[in-house]
Amino acid sequence: MATLQRYFFSDLGVMLGRSLRHLFRSMDTIITATITPIGLMLLFVYVFGGAIQSGTANYVNYVLPGIFLVAIASGTSYTSLRLFTDVQRGIMDRFRSMPIAPSTLLWGHVLASLVFNAISLLIIVLVALLMGFRSSAGILSWLAIVGLLALVTLTLTWIAVIPGLTARSIDGAAVFAYPLIFLPFISSAFVPTRSMPLVVRAFAEHQPMTAIVNTIRALLAGAPASQEIWIALAWCLGILLLAFFFASMAYKKRTSYATNIYQRS
Amino acid sequence: MPDIAIQVKDLHKSYRQLNVLQGVDFVVEPGRIVALLGPNGAGKTTLIKILSTLLKPDSGTALVNGFDVVTQAAQVRHSISLTGQFAAVDELLTGRENLIMIAQLRHLKQPRQVADELLARFGLTEAANRRVSAYSGGMRRRLDLAMSLVGTPPIIFLDEPTTGLDPEGRLEVWKVVKELAQGGRTIFLTTQYLDEAEQLADRIAILHQGKIIASGTLQELKKLFPPARVEYVEKQPTLEEIFLAIIGQKEAC
Ligand SMILES: Nc1ncnc2c1ncn2[C@@H]1O[C@H](COP(=O)(O)OP(=O)(O)OP(=O)(O)O)[C@@H](O)[C@H]1O
Ligand SMILES: [Mg+2]
């Protein structure tokens with residue numbers, strides 16, 4: 001309807017404002033989301049670092065892209081939890097019974113996730129600087145890094161929307177993130193893939209995390225982005241479209257079924 | 001405005017094997033207060049969810065404010081407001097922020113002013129700037145109702161609006177509902193309290209075993225009740241007796 005479109009951005013603004021309020025009122029969730037990646041970074045740099053033949057002098061620089069991915073994967077589970085709560089508490093039904101463009105209900109959460117992860121990545125960069133992270137990347141390289149990380153966040157957040165809408169329990173809404181957190185470990189993120197057994201290596205070299213990690217690593221080193229950036233972008237856009245499609249399906253299924261598990265208040 | 005506020009014809013809805021609605025028919029005229037009664041699990045909430053576009057019926061038609069709930073959902077949403085059976089409020093926001101948010105989503109000119117008026121009306125002014133997570137159950141329910149009264153949709157659905165309220169809160173809700181009806185709004189509510197239906201509603205409908213088995217004014221329902229047994233003192237049946245008797249009759253046959 002024309003009126004729905006007319007108010008799309010105003011409605012989206014209200015929804016985003018709401019999600020940002022949630023975010024800034026639960027800053028502890030951001031801190032919690034950064035603890036695991038920072039812990040891993042400490043572990044890899046100060047415990048395993050000496051034993052790993054990364055071929056670079058500065059191992060903090062080497063692991064940072066992988067740490068980013070771990071942080072984003074665990075950060076997006078915040079979106080699942082918030083969406084799950086909306087569905088369970090009936091807030092989603094209230095919004096759905098109002099004349100609001102339905103997509104704004106999801107986009108508000110998704111955009112807030114970009115802010116959430118931007119803050120958490122900033123904290124991680126600050127800790128990495130203290131640990132000796134140095135980059136010779138120029139402004140354009142940094143813009144490319146930020147853009148790619150934003151796209152990765154968008155992709156993983158749309159994946160997170162699916163369990164947020166379909167989970168039957170709060171735990172179910174959160175566990176989807178575990179395999180995503182695990183994925184960077186079987187990639188070039190922490191050790192060079194050439195040290196891996198053949199089958200694992202084949203997987204590692206052809207999964208999205210490796211392309212993303214290699215691209216960011218090159219950009220951080222001030223090198224021009226290799227052709228791997230196109231592989232990384234293709235992976236992200238492809239998965240993003242798929243996730244968006246399945247999230248929309250999950251949303252529609254809610255509409256025709258409405259299996260809300262309300263809590264009495 | 002159409003001369004029929006809600007029109008439901010042969011509405012069916014099942015959850016897998018469970019047939020909840022099996023041919024529901026009724027009509028609500030504008031400006032009326034209609035109470036839908038029925039035992040737990042009768043399908044009252046299911047019916048309200050279909051009428052408020054949250055759930056799709058399996059078959060049959062439902063028109064709300066002249067619009068079809070399936071094919072014209074957006075127009076229906078412009079015409080209604082819903083208070084669900086369980087309070088749907090945002091726990092992390094304050095009471096005032098919840099109301100302002102709804103007022104903004106209804107594109108009202110002065111969201112803050114609307115919020116403050118409703119806070120006052122529902123006795124929440126003092127708690128306005130506290131987060132809803134710190135509200136009592138009854139306060140949440142009041143806020144929930146207040147959120148449904150933002151803006152001026154002509155048709156209002158209330159699913160058990162007074163469950164969990166103290167007697168004073170109930171009277172306040174009754175007053176508000178009557179005022180809304182006097183202002184020309186149509187109110188369709190469900191309730192477990194038969195005295196509430198008796199006090200508040202112009203029309204009563206009873207949903208049982210998937211169908212509306214009786215509907216009309218309280219007087220009309222009283223006529224359906226079998227003539228008073230000859231007792232020493234002739235006694236007017238209460239709505240509760242009518243309700244139990246009608247359900248008993250249907251189950252017997
Ligand atoms: N999402 C669902 N999936 C499966 N069954 C459902 C679902 N929602 C409701 N039911 C079943 O449908 C029947 C009608 O439920 P509904 O909530 O409409 O009843 P109600 O009349 O509102 O009851 P109450 O007075 O307890 O609120 C119940 O048997 C319920 O268990
Ligand atoms: Mg119910």
Side-chain angles (χ1 to χ4, degrees), chain A residues 1-29 78 81-82 85-102 104-105 108-109 112 251-265, chain B residues 15-16 45-46 48-58 70 72-94 97-98 100-107 111 131-133 135-141 144 147-148 150-151 153 157 159 163-164:
Chain A
M1 242 172 78
T3 48
L4 285 189
Q5 262 141 37
R6 200 172 112 219
Y7 288 115
F8 180 86
F9 289 103
S10 128
D11 291 348
L12 181 60
V14 177
M15 287 300 173
L16 177 60
R18 162 177 187 255
S19 289
L20 289 179
R21 279 219 168 93
H22 289 170
L23 183 59
F24 292 119
R25 283 177 192 176
S26 49
M27 283 303 274
D28 52 320
T29 53
Y78 174 80
L81 296 185
R82 292 250 62 92
T85 314
D86 273 7
V87 172
Q88 197 200 27
R89 292 280 159 79
I91 271 274
M92 185 66 100
D93 271 357
R94 177 185 283 283
F95 289 145
R96 277 181 39 215
S97 75
M98 293 174 64
I100 313 170
T104 59
L105 304 188
H109 285 284
Y251 183 81
K252 289 227 177 69
K253 192 157 174 254
R254 276 271 176 231
T255 330
S256 56
Y257 235 129
T259 45
N260 311 28
I261 329 134
Y262 289 122
Q263 277 184 341
R264 254 176 210 283
S265 59
Chain B
Y15 297 106
R16 300 203 171 83
T45 299
T46 302
I48 286 214
K49 281 191 174 177
I50 291 174
L51 293 178
S52 53
T53 75
L54 297 180
L55 204 58
K56 291 208 170 74
D58 297 337
V70 178
Q72 297 172 298
Q75 286 94 325
V76 171
R77 288 178 193 144
H78 273 285
S79 317
I80 63 164
S81 97
L82 165 70
T83 300
Q85 185 166 359
F86 307 105
V89 291
D90 191 323
E91 303 260 319
L92 286 176
L93 303 185
T94 67
E97 285 167 343
N98 266 290
I100 292 176
M101 173 176 73
I102 300 293
Q104 286 171 336
L105 289 173
R106 290 216 180 260
H107 313 121
R131 287 209 201 153
V132 173
S133 50
Y135 279 22
S136 74
M139 287 160 76
R140 263 169 226 233
R141 194 57 183 163
D144 191 42
M147 282 162 78
S148 307
V150 175
F157 294 105
D159 198 354
T163 303

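All values below come from the heavy atoms of this structure, side chains included, with hydrogens, waters and symmetry mates left out. Proteins get letters first, then strands, A, B, ... in listed order; numbering begins at 1 in each.
When B/S52, B/S148, B/G138 are compared by the number of non-hydrogen pairs under 4.5 Å with chain A, B/S148 comes out ahead. With chain A as the partner, the residue from B/V76, B/L93, B/I100 showing the most heavy-atom pairs under 4.5 Å is B/L93.
Proximity of A/I91 to A/R18: side-chain heavy atoms (C-beta onward) are separated by under 4.5 Å at one or more points. Proximity of B/L92 to A/R21: side-chain heavy atoms (C-beta onward) are nowhere separated by under 4.5 Å. Side-chain contact check for A/R82 versus A/H22: some heavy-atom pair is nearer than 4.5 Å.
B/S81 does not touch chain A: none of its heavy atoms, backbone or side chain, sits under 4.5 Å away. Contact of B/V89 with chain A is made through the backbone alone, with heavy-atom distances under 4.5 Å. Heavy atoms of A/S97 lying under 4.5 Å from chain B belong to its backbone as well as its side chain. Contact of B/I102 with chain A is made through backbone and side chain together, with heavy-atom distances under 4.5 Å.
Going from atom CZ of A/F95 over to atom CG of A/D11 covers 10.0 Å, rounded to the nearest 0.5 Å.
The heavy-atom pair separating B/V70 from B/P57 by the smallest distance is CG2-CD, 3.6 Å.
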